[in-house]
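These notes concern the structure reproduced below.
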Amino acid sequence: MASAATLPLIQNVGAYESLSLNGAWNYIVDVQEEGYYDYRMNPTRWGFFQNAKPQKPEDLIEYDFDKSPTMQIPGDWNTQDERLFFYEGTVWFKRSLHLPSNIFHQPSSLFLLYFGAVNYDCHVYVNGRHVGHHIGGFTPFNYDVTDLLKEGENVIIVKVDNKRHAEDVPTQIFDWWNYGGITRDVKLVKVPIVYLEDYSVTLSPPESGGVRGGLSKRNISFSARLNKAEAGHTLTVSIPELKLKKTFTTDTNGTIHCSLFTIPSKKLQLWTPENPKCYRVEISLNTSTISDEIGFRTIETRDKQILLNGQPIFLKGISIHNEKPNGGGRANSVEDARTLLSWAKELGCNFVRLAHYPHHEEMVREAEKMGILVWSEIPVYWTIAWKNPKTYENAQNQLRDMIARDHNRANIIIWSIANETPHSAERDQFLGNLAQYARTLDNTRLISMAMEVTGASNYVNRLNDNMNQYVDVVSFNQYIGWYRDVNDAPKMKWEIPYNKPVIVSEFGGGAKYGYHGQKNQRWTEEFQENLYRENCAMLDKIEGLAGTTPWILKDFRSPRRVLPDVQDYYNRKGLFSDKGEKKKAFYVLKNWYETK
Ligand code: GCU
């Protein structure tokens, strides 16, 4: 089935003129994929993507999008149609788009169809033509549909399937709700025929004239790639507030790599959690100009310290799932982001772990504005099909697109490539390759992953993981007090034989908001409060502890949590309930962070 080219992800899509395709889309629930396969399970040419209508009275068309219900896009189907709460399978979506004639009289423009994310496996059609096939539920993708659009009514149809398979990323089991659908923004983006596919504006790392010893000069570097390998395109980069402006010409690959500006340090405000300063950067290519808000900072490690702008920092963090602040469903708006992040701020956080997959873009951009550092992760979670090359390619594509979307965000300091993965040579190979691949894409940030402590014999917790050689920060999850007796906490010893900073990427326990009792009574707020008290004291003894991201900010939906009247399909390890109510443990962590 011919398709439009899957293009590399366009950088900073929000900077371009676009038509939002958010809103009501018709949908058809297609449990047996009647709209895609014939009765011999071969893809059919008469599928629902045709959006066929009876032309003659005797015509047999057994579906009709326009008579089918609608749901809001972006949004998951699980919380919009109660019949689909547990549903995992195929749903077809249709949206009409009326385009005025003048759109087509713009020879110097291309039209990209952009999806913020679709969970999990989707096929996209425009006017009955197959545009592309995308897998992975948490990263954006875009197609050039210029040649497929026409004046008047256009029909966009998306087949979405969120069934789980062993070879997928994430694999078959994971402790979060498998929300299905077109979960993030959809837009038709107008770009010049030759446009900036990607660019990066970064403060050069310390060793090339960095911050240490208060060096007087700072270097800002710039690189760019056009969508065409063409020389001679003029590109001007300016930072008006700093009165900086420079013009370049692309090389035969349509790229530019250079040192942009050298500027006296005292003139440049660095991005910090206390002062999340971003500068408006304008980039003109030929006749069009885009702008971005860029913060300048450096991040590095030195022995067991994490240094932000050359200064040691303790990462007061919390883990978060990309779920709406109240009542579940995929988060997908600025408001969702602000609410969740303001709860983290209330806790005294300067850092969040966006688990276990890239969150919606607004989450990262709002965190940047609010001075919150970010750990961003791909869903290589638990026992992935390590030996399957397709699984590796899928994981690598998600890593590529996570970095492609957010690599200009100053607040992202850690790319995480995995969570709680079992040790094996195949796993080490898989993750080792991913770590090295991440460094080829971005050598300005730290690499990590959430490991597991091993050999917790008696009271000695040992971290012994071959992956230590690939990461800059050794991070691990531990659940003393929940999956192990809280009274062991004071006796715990930690053996972490790596001269690298340590982040405890998960700890915590469950509690049902409003359920009170003795501190040894599981599920009570007092149990969770005590667990936090014991854990904070225990973690204070870990040498080289550079940060924590307790599990988790808010109770979140999980199909693995079925205890009636307590869990009811929620993981209850939140410090906030699913309705945003603070549990007692909230104050324990807040007080601890005040000591950091
Ligand atoms: C794991 C895992 C989380 C999970 C948590 C829990 O460590 O990384 O995804 O939700 O434990 O058991 O609550």
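Start at 1 and go down the list; that is how both ligands and their atoms are numbered. Just so you know, these numbers use all the heavy atoms, side chains as well, and skip hydrogens, waters and symmetry mates. These numbers come from a predicted model, not from an experiment.
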List ligand 1's nitrogen or oxygen atoms that come under 3.5 Å of a protein nitrogen or oxygen, with the partner atom and distance.
residue: ligand 1; atom: 7 (O); partner: Glu420; partner atom: OE1; Å: 3.2
residue: ligand 1; atom: 7 (O); partner: Glu420; partner atom: OE2; Å: 2.4
residue: ligand 1; atom: 7 (O); partner: Glu506; partner atom: OE1; Å: 2.6
residue: ligand 1; atom: 8 (O); partner: Asn419; partner atom: ND2; Å: 2.9
residue: ligand 1; atom: 8 (O); partner: Glu506; partner atom: OE1; Å: 3.2
residue: ligand 1; atom: 8 (O); partner: Glu506; partner atom: OE2; Å: 2.7
residue: ligand 1; atom: 9 (O); partner: His356; partner atom: NE2; Å: 2.7
residue: ligand 1; atom: 9 (O); partner: Tyr381; partner atom: OH; Å: 2.6
residue: ligand 1; atom: 10 (O); partner: Asp175; partner atom: OD2; Å: 2.5
residue: ligand 1; atom: 10 (O); partner: Trp551; partner atom: NE1; Å: 3.1
residue: ligand 1; atom: 11 (O); partner: Glu506; partner atom: OE1; Å: 3.4
residue: ligand 1; atom: 12 (O); partner: Tyr483; partner atom: OH; Å: 2.6
residue: ligand 1; atom: 12 (O); partner: Arg561; partner atom: NH2; Å: 3.1
residue: ligand 1; atom: 12 (O); partner: Lys573; partner atom: NZ; Å: 3.4
residue: ligand 1; atom: 13 (O); partner: Asn571; partner atom: ND2; Å: 2.8
residue: ligand 1; atom: 13 (O); partner: Lys573; partner atom: NZ; Å: 2.7

Lys/Arg N to Asp/Glu carboxylate O, Arg557 vs Glu323, below 4.0 Å: no
Pair Phe86 + Tyr569: ring centers closer than 6.0 Å: yes
Set of salt bridge (charged side-chain N to carboxylate O under 4.0 Å, His left out) partners for Asp540, sequence neighbours left out: Lys596
is_close_aromatic(His356, Trp375), centroid dist under 6.0 Å: no
Member of Trp176, Tyr120, Phe174 meeting the ring-ring contact (aromatic ring centres under 6.0 Å, His included) criterion with Tyr357: Trp176
Nearest atoms (heavy-atom pairs only) where Ala585 meets Gln528: CB-OE1, 3.6 Å
